[in-house]
Structure formats: structure tokens, C-alpha cells
Amino acid sequence: MTGRTRDREVVAAAVIQGRRLLLAQRTRPPELAGLWELPGGKVEPGESPADAVHRELLEELGVEVTVGERIGADVPLRDGLVLRAYRAELIRGTPRALDHAALCWVDARELREIALVGNDRGWLPDLVTLLGG
Ligand code: DCM
């Protein structure tokens, strides 16, 4: 037993505009560098998941978002972390790759073909549905 009462959460954001989803290309660690992900990061102590999505997208992309419903299934990570995806809607700014190698907007067909990080691949059917694909 570790004494923890609940898993710590890592949040990831599905930012969709029209029929395209925003993806971000990782720079680290080496085994994930070059792969694409839904941007996000760890929820800090005392922070809600929605607050964390808002903060992470401001830090990583320089945009403000409103955070919507959860999508897809929980993804267990190591060290008692769980990864969860949320819809997010851009309300201010144009996304920039402040912490990633690059950004791109993909439609359903492109999403199926791009090299996603393994943890995010289980969300593909949910994301394709959201993109009308
Ligand atoms: N992570 C992931 N998929 C995402 C976002 C994060 O698999 N869409 C994982 C990568 C790391 C952990 O969550 O193991 C923390 O992310 P970061 O390194 O970006 O802080």
C-alpha cells in the first residue's frame, strides 16, 4: 500500500474546431519524441482537472480554453497516475508550440494515419466520432 486514496490525474485536451482536432508533437522523453498527443499534463495538488486543462493549454499553447466533458476511457499510467481526456474549446489566442516541436490540425482521416503516442491511441474511435469521421 502506498497510502494514497486516489490516483493522480494527467489531463489531455481534445481541442476541436470544425472537423479538425489539434495535435501537438512531443519533444521528450526520447522514446516519445516525434509522436503526436493531445496536449496536457499533470493535475497539481489542490487543482481541479478542468483548472489543469486550462493552465496546461495556457502554458503549452498560449491559449485560453473552456473545458467541456470527458471523452474516451481512463488510461492507467505508471506510478499511480491516470490519464483522462476532456473536450476543450478555444476562447482566446492562436495555439503556438511553446513546449512542443510542432502543432497540427487533423481531420478524421489524417488522425487515423498520424503517429500518436501509445497512451492516446485508445481514444481514436471517440475522437474520430467527434470529428464526424
Ligand atoms: N501523456 C500521454 N498522453 C498525453 C499527455 C500526457 O501519454 N496526451 C503522458 C506522458 C507522461 C505523462 O502523461 O508520461 C505526463 O505528461 P508530460 O510529460 O507531458 O507532463
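Each ligand, and each atom within it, is numbered from 1 in the order the structure gives.
Residues passing the salt bridge (charged side-chain N to carboxylate O under 4.0 Å, His left out) test with Arg78, sequence neighbours excluded: none. In this structure, Asp126 has no side chain to side chain donor-acceptor pair (under 3.5 Å) partners at least two apart in sequence or on a different chain. A search for side chain to side chain donor-acceptor pair (under 3.5 Å) contacts involving Glu60 returns nothing, not counting sequence neighbours.
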Every pair of nitrogen or oxygen atoms between ligand 1 and the protein that is under 3.5 angstrom apart - can you list them with their distances to 0.1 Å?
unit_1	atom_1	unit_2	atom_2	d
ligand 1	3 (N)	Asp120	OD1	2.7
ligand 1	7 (O)	Asn119	ND2	2.7
ligand 1	8 (N)	Leu38	O	2.7
ligand 1	8 (N)	Asp120	OD1	3.2
ligand 1	8 (N)	Asp120	OD2	2.8
ligand 1	18 (O)	Arg26	NH2	3.0
ligand 1	19 (O)	Arg26	NH1	3.0

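Salt-bridge formation is not detected for the pair Arg112/Asp107: no Lys NZ or Arg NE/NH1/NH2 atom is positioned less than 4.0 Å from an Asp or Glu carboxylate oxygen. With salt bridges taken as basic N to acidic carboxylate O contacts below 4.0 Å, one links Glu110 and Arg20.
Using modelled atom types, one side-chain atom of Trp123 and one backbone atom of Ala73 make a donor-acceptor pair closer than 3.5 Å.
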